[in-house]
Structure formats: structure tokens, C-alpha cells
Amino acid sequence: MDSIIQHFRKDEQPFIEMASGWVNEVENTYSPKLTGFLDPRQRFILQTISQGAGLLSSSDGGFREAERQRVLLYPDYYEPTPEDYQISVFEIHYPSKFVQLEHRDVLGSLMALGIDRSKFGDILIENGQAQLAAANEMKDYLRANFDSVGRSKVRLDFVENPEKLLASTEQWLESLHIVSSLRLDVIVASLLNCARQKASALIHGEKVKVNWTIREQTSFEINELDMISIRGAGRFKIMTIEGRTKKDKIRLNIGKLE
């Protein structure tokens, strides 16, 4: 356990311990284990731990190329089926002629109901249509209680036909960055092509998030698959850390959300 923790951040230790518990459960029961909806960084950590234990894993988020997905851990004898992921996708009906729903509005209304973030996945909104992926165990609660977003009344219906699922329209434009370190201020400066002093000001001004959490430490170290959000500049993902150059600089493949 200690050897695993040392490869990740101190504030990730609670999740590492939870993930290790899931892995131990599969090892002890020799049966599959389904997680809640995890973000890409959490899935990377879980995959690292499960591979070290010799377990297999697969994931699904209800939508094609979903950002948040449920992970199924299983022994080598098991063959997963789509039903194993226990995901329901809902159509969110709302007066689209008069109201423009935004992702943050739907997310805020769900969180206001006291629903744990691991119980629902992506929220997709496109051309007046909105859909939500959620864990099966939440479907009755959501249909009974999720009836408004802001001042707008909404209604949920199951999306029964897979062909009617919205597709994620996220596209990542990838580029190579050569940096001196993995410090947050260094990465932000490279992403914005600005001085580190300006990058530091943005970080201290709470305008930079890493994996959906505001980070105010300029020395915070970035890792593979981290998501960086910079207010006014967009979202970036560390796709891969590709080693070092002859001058000992670090090569990063970073995607920017188009």
C-alpha cells in the first residue's frame, strides 16, 4: 500500500484507500465489484492499483466516450455484460423554447438534492435537448425528486433506445509542450504562453482548478490525466507525459477542449 501511495498525491490517499478496499474485496470474494461514477484521474488510479493486483477492469458511462464512468473490477474468469454497469440514462424535458439550460445549472440542482457526485455521470446538453446518466439505484429517487432546475420545471423519462443517446461533442486539440518541471505555475505559463508571474497570479486568484478543485499552490505537481481548468482560457488535459529531452526538460502531450 505504501509503495502505491508514494506515486500519488497526499490528498489522493483517501481515494487510494477506498480503491484498495474495492480491489481487496474482489480478491477475497473472487467476484466482480462495481464502483460509482469516477473521473478520469480516479479511474487511472484505480486501474494502476487493480493491475498491480492482477485484476481486470472495464468501464462505461452510459454515453459514448463519457468523461465520468463506472468501473467494473473483476477476476480473469469473468466476462462483463452491458447490464453489469447498472446505468440509467434520462431525458430531461424542459421548456426549451423559453429556457436555456446549462451544465452547471443541472449539476447544481442535482447537488442541492444531496446526491453524492459518484451516483450520476455526464450531463449532456445539445440543441435544446438534455440527458443525464445515473446509477440504477437512483432512478426512482431522481424521477420523484428532480423536478426543477433553477426556476424551470423539468421532467425525467428513460432513454430506452440507444440510438437516441446524445453523443459527447468534446474534441481535444493536442499539442506538445516542453517544460522545466511539473509545477502548476510552469504548466499554466506554458499553456497560456505567458510569464510564470502571470500564471502565479491566476493561481493565487483562485482562477485555476485541477481535477475540478481550486488549487492555490503554485508548486502543486501535475500528473498524467489531470484536468486543468483556467478561467477565461478553457479546459486542458494532460494526455501523456512522454519522458525527457536531452536537456532534461519534460515532454508533455496536452489536449485543449475545443
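In what follows, residues are counted from 1 in the order of the sequence shown.
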Side chain to side chain donor-acceptor pair (under 3.5 Å) between Glu174 and Asn253, worked out
CA-CA 7 Å; Glu174 297 182 21; Asn253 180 25; 2.8 Å; yes
Same cluster (ILVMFWY, side-chain, under 4.5 Å), Val106 and Leu124
no
Using a 3.5 Å distance criterion without hydrogens, assess whether the side chain of Ser190 forms a donor-acceptor pair with backbone atoms of Val186.
no
Any side-chain to backbone donor/acceptor pair from Asn24 onto Ser20? Under 3.5 Å, distance only.
yes
Of the non-hydrogen atoms in Ile241 and Glu224, which two are nearest, and what is the gap between them?
N-OE2, 2.8 Å
Transitive ILVMFWY side-chain link Ile214 to Val188, under 4.5 Å:
no
Test of understanding: clusters of I, L, V, M, F, W, Y form through side-chain heavy atoms closer than 4.5 Å, transitively. Do Leu191 and Ile222 belong to the same one?
yes
Please confirm whether the backbone N or O of Ile203 pairs with a side-chain atom of Glu206, one donor and one acceptor, at under 3.5 Å?
no
Quick one, Ser58 and Tyr85 - any side-chain contact, counting heavy atoms below 4.5 Å?
yes
Is any side-chain heavy atom of Leu173 closer than 4.5 Å to one of Leu257?
no
Hey, is Arg41 close enough to Glu12 for a salt bridge, meaning N to O under 4.0 Å?
yes
Under 3.5 Å, is there a donor-acceptor pair between the Asn211 and Thr213 side chains?
no
Looking at Val26 and Pro32, what are the two nearest heavy atoms and their distance?
CG2-C, 4.4 Å
List the steps and the verdict of side-chain contact (heavy atoms from CB on, under 4.5 Å) for Gln47 and Gln51.
CA-CA 6 Å; Gln47 186 177 42; Gln51 284 179 342; 3.7 Å; yes
Smallest heavy-atom separation, Thr240 atom then Glu242 atom, equals OG1-OE2, 3.1 Å
For Phe98, I'd like to know if atom CZ has over 12 heavy atoms of other residues, nucleotides or ligands within 6.0 Å.
no
Quick one: does any side-chain atom of Tyr94 pair with a main-chain N or O of Ala130 as donor and acceptor, under 3.5 Å?
no
Tell me whether Thr35 contacts the main-chain N or O of Val71 through its side chain, where contact means a donor paired with an acceptor under 3.5 Å.
yes
Can you confirm whether more than 12 heavy atoms, excluding those of Arg244, are under 6.0 Å from its CZ atom?
yes
Mind checking what makes salt bridge (Lys or Arg N to Asp or Glu O under 4.0 Å) contact with Glu221, not counting sequence neighbours?
none
Could you state the interatomic distance from CD (Glu216) to CG (Leu184), rounded to the nearest 0.5 Å?
11.0 Å
State plainly whether one hydrophobic cluster holds both Phe15 and Val210, where clusters connect Ile, Leu, Val, Met, Phe, Trp and Tyr through side-chain heavy atoms under 4.5 angstrom apart.
no
With a distance cut-off below 6.0 Å to the six-membered ring centre and an angular limit of 45° from the axis, does Arg70 pair with Phe37 as a cation-pi contact?
yes
I'd like to check Asp11 versus Arg215 (side-chain heavy atoms, cut-off strictly below 4.5 Å). Are they in contact?
yes
Ignoring hydrogens and angles, tell me if any N or O in the side chain of Asp122 forms a donor-acceptor pair with the backbone of Ala66 under 3.5 Å.
no
What distance separates Arg68 CZ from Arg117 CZ, expressed to the nearest 0.5 Å?
4.0 Å
Val149 and Leu110, any side-chain heavy atoms less than 4.5 Å apart:
no
Smallest heavy-atom separation, Ile87 atom then Asp60 atom, equals CD1-O, 3.3 Å
Qualifying salt bridge (Lys or Arg N to Asp or Glu O under 4.0 Å) pairs with a residue from residues 183-200, counting only residues at least two apart or across chains:
Arg183-Asp185, Asp185-Arg196
Residue pair Lys256 / Ala233: nearest heavy atoms and the distance that separates them
CE-O, 3.5 Å
Testing the basics here: between Glu67 and Trp212, what is the closest heavy-atom pair and its distance to 0.1 Å?
OE2-CZ2, 3.2 Å
Rounded to the nearest 0.5 Å, what separates atom CD1 in Ile228 from atom CD1 in Ile254?
6.5 Å
Can Phe146 and Phe90 be said to form a ring-ring contact (aromatic ring centres under 6.0 Å, His included), step by step?
CA-CA 11 Å; Phe146 186 56; Phe90 295 98; 8.9 Å; no
Distance-only, no hydrogens or angles: does the Ser148 side chain make a donor-acceptor pair with backbone N or O of Ser152 under 3.5 Å?
no
Calculate, to the nearest 0.5 Å, the distance between atoms CE and OG belonging to Met239 and Ser175 respectively.
9.5 Å
Beyond-backbone contact of Leu182 with Ile238, side-chain heavy atoms, under 4.5 angstrom:
no
Mark yes when over 12 heavy atoms from residues, nucleotides or ligands other than Asn127 sit less than 6.0 Å from its CG; otherwise mark no.
no
To the nearest 0.5 Å, what is the distance between OG (Ser181) and CG (Asp248)?
11.5 Å
Hey, mind stepping through Ile115 and Met138 against side-chain contact (heavy atoms from CB on, under 4.5 Å) and telling me if it holds?
CA-CA 9 Å; Ile115 301 173; Met138 297 302 300; 3.9 Å; yes
For the CG atom on Asp157, are there more than 12 heavy atoms of other groups (residues, nucleotides or ligands in this structure) within a distance under 6.0 Å?
yes
Are Leu176 and Trp172 connected into the same hydrophobic cluster when the rule is that any two of I, L, V, M, F, W, Y join if their side-chain heavy atoms are below 4.5 Å apart?
no
Looking at side-chain heavy atoms only, is the closest gap between Leu166 and Gln129 below 4.5 Å?
yes
CG of Leu142 to NZ of Lys139, rounded to nearest 0.5 Å, is 11.5 Å
Given side chains that start at C-beta, do those of Phe158 and Arg143 come closer than 4.5 Å, heavy atoms only?
yes
Any donor-acceptor N or O pair under 3.5 Å, side chains Tyr78, Asp84
yes
For Leu107 and Phe120, what are the C-alpha separation, side-chain angles and deciding distance, and is it a side-chain contact (heavy atoms from CB on, under 4.5 Å)?
CA-CA 10 Å; Leu107 177 61; Phe120 60 95; 3.7 Å; yes
Would a distance-only check, ignoring hydrogens and angles, find a side-chain to backbone donor-acceptor pair under 3.5 Å from Gln131 to Lys164?
yes
Would you please test Leu252 and Ile187 for side-chain contact (heavy atoms from CB on, under 4.5 Å) and show each step?
CA-CA 10 Å; Leu252 298 178; Ile187 303 295; 3.4 Å; yes
Just wondering, do Ile178 and Arg251 contact through their side chains at under 4.5 Å, heavy atoms?
yes
Donor-acceptor pair, Asn145 side chain versus Tyr141 backbone, under 3.5 Å?
yes
Would Glu137 and Gln86 count as having a side-chain donor-acceptor pair, cut-off 3.5 Å?
no
